There are 2 protein chains.
Amino acid sequence: MNIQTFSKLTNVSAHTIRYYEKIGVLKSIERDSNGHRYFTSKDIDWVSFVKRLKDMGMPLDNIKQYADLREKGESTSELRKQLLQEHALAVEKKIAIESLHLKNIREKIGFYEKIINNNLKG
Amino acid sequence: MNIQTFSKLTNVSAHTIRYYEKIGVLKSIERDSNGHRYFTSKDIDWVSFVKRLKDMGMPLDNIKQYADLREKGESTSELRKQLLQEHALAVEKKIAIESLHLKNIREKIGFYEKIINNNLKG
DNA sequence: CTAATACTTAGAGCTAACTCTAAGTCAACC
DNA sequence: GGTTGACTTAGAGTTAGCTCTAAGTATTAG
């Protein structure tokens, strides 16, 4: 498929796709006789995975590292696993912190409810 | 206290504190006869709250809105409560999404473990 | 009195992650 | 055969949130 179709299927703009290729997050994208990129379903899988990592707050730099390892083949499985494990831990911490903040905000909301109730009464 | 002391106590750089004042996130910071800012414990409380909102992913623009309402006094309590409630909901959604992603990543890690075990076995 | 230090301001610079522009090539339709 | 439209590239521009610089004033220490 061409870049437009790929862009629609992945929900990533053509600009961003070229950018990802430039910085090495997308690798070995093939070209046709015109020099136009063409994409396969494997590329869709990879971009979906990249999006997941991004959504979890992994910077593109780290994602690129992962992509570099992936390119080197199966011997890097252990390293890639480690990268994911480190990130999973970081996400767990983030969720824990956010939950704590959420609790604090809920308390603040409770505080506002008291004020508002008192105003209504008094 | 002066900006350096305040910076140390809040863990926010003096540059950032001036920036926050400039964009309206910090308001009514008083000045001494030299025109130097001086801060009180109330300012510490407010900056701590700002940091909490930021840590939960609220953009400075929204925090400024909140600060604007706060400046107008108690009549804006209901609006501020609403702002917080909206954000609390957004954070809940974010946590839910991150938890789902985490689950997916854990699956991927399990997949790597299988590959690595198979390789060891031969 | 001079040097060091803390503050002031306006505004430039930085980083991440895009996002867009300009200039150009190439194929396809009428 | 011209023009429309999709693609190409290098590189500039954008946004958020800082972060730093330059130029200047005021206080303090020796």
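Residue numbering restarts at 1 for every chain, and letters A, B, ... go by the order of the sequence lines. What you see is a predicted model, and the numbers here were worked out from it, not measured in a lab.
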(message) How many whole angstroms separate atom CD1 of B:Ile17 from atom P of C:dT8?
(response) 10 Å
(request) Determine whether B:His87 and B:Asn62 make a side-chain contact, defined as any pair of heavy atoms from C-beta on separated by less than 4.5 Å. (result) no
(message) Among C:dA17, D:dT21, C:dC7, which nucleotide has an atom closest to any side-chain atom of B:Gln4?
(response) C:dC7
(request) Please check if any side-chain donor atom of B:Thr5 sits under 3.5 Å from a side-chain acceptor atom of B:Asn2, or the reverse. (result) yes
(message) So A:Phe111 and A:Glu107, do their side chains get closer than 4.5 Å, heavy atoms only?
(response) no
(message) Can you measure B:Lys64 atom NZ to D:dA16 atom C1' for me and round it to whole angstrom units?
(response) 16 Å
(message) Using side-chain heavy atoms (C-beta onward) and a distance below 4.5 Å, is B:Tyr19 in contact with B:Leu60?
(response) yes
(request) From the options C:dC18, C:dA6, D:dC18, select the nucleotide whose nearest atom is closest to the side chain of A:Tyr19. (result) C:dC18
(message) What's the closest nucleotide to the side chain of A:Ile3 if the choices are C:dA17, D:dT8, C:dT9?
(response) D:dT8
(request) Could you check if a side-chain atom of B:Glu78 sits within less than 4.5 angstrom of a side-chain atom of B:Lys81, using non-hydrogen atoms only? (result) yes
(request) Take the protein atom CG of A:Asp61 and the nucleotide atom C1' of C:dT15, then report the distance between them rounded to whole Å. (result) 11 Å
(message) Please pick, from D:dG17, D:dT19, C:dA17, the nucleotide with the shortest atom-to-atom distance to any side-chain atom of B:Thr16.
(response) D:dT19
(message) I'd like to check A:Phe49 versus B:Ile105 (side-chain heavy atoms, cut-off strictly below 4.5 Å). Are they in contact?
(response) yes
(message) Expected output is a numbered-order residue list: members of residues 20-45 of chain A with a heavy atom under 4.0 Å from any atom of DNA chain C. What is it?
(response) A:Tyr20, A:Asn34
(message) Please identify which of these residues, B:Met1, B:Glu30, B:Arg18, meets the side-chain contact (heavy atoms from CB on, under 4.5 Å) condition with B:Arg37.
(response) B:Arg18
(message) Rounded to whole Å, please give me the gap between NE2 in B:His15 and P in C:dC7.
(response) 11 Å
(request) May I ask you to verify if any side-chain N or O of B:Lys54 is less than 4.0 angstrom from the OP1 or OP2 atom of D:dC18? (result) yes
(request) Please determine, for the side chain of A:Asn2, which listed nucleotide (D:dG17, D:dC20, D:dA6) has the closest atom? (result) D:dA6
(message) For the residue pair A:Arg80 / B:Tyr112, report whether a side-chain donor-acceptor contact shorter than 3.5 Å exists.
(response) yes
(message) Any non-hydrogen side-chain atom of B:Phe39 less than 4.5 Å from a side-chain atom of B:Val47?
(response) no
(request) Just report the end-to-end axis angle for the helix from C:dC1-D:dG30 to C:dC30-D:dG1, five pairs per end, to 10 degrees. (result) 20°
(message) Rounded to whole Å, please give me the gap between NZ in A:Lys51 and P in C:dA17.
(response) 16 Å
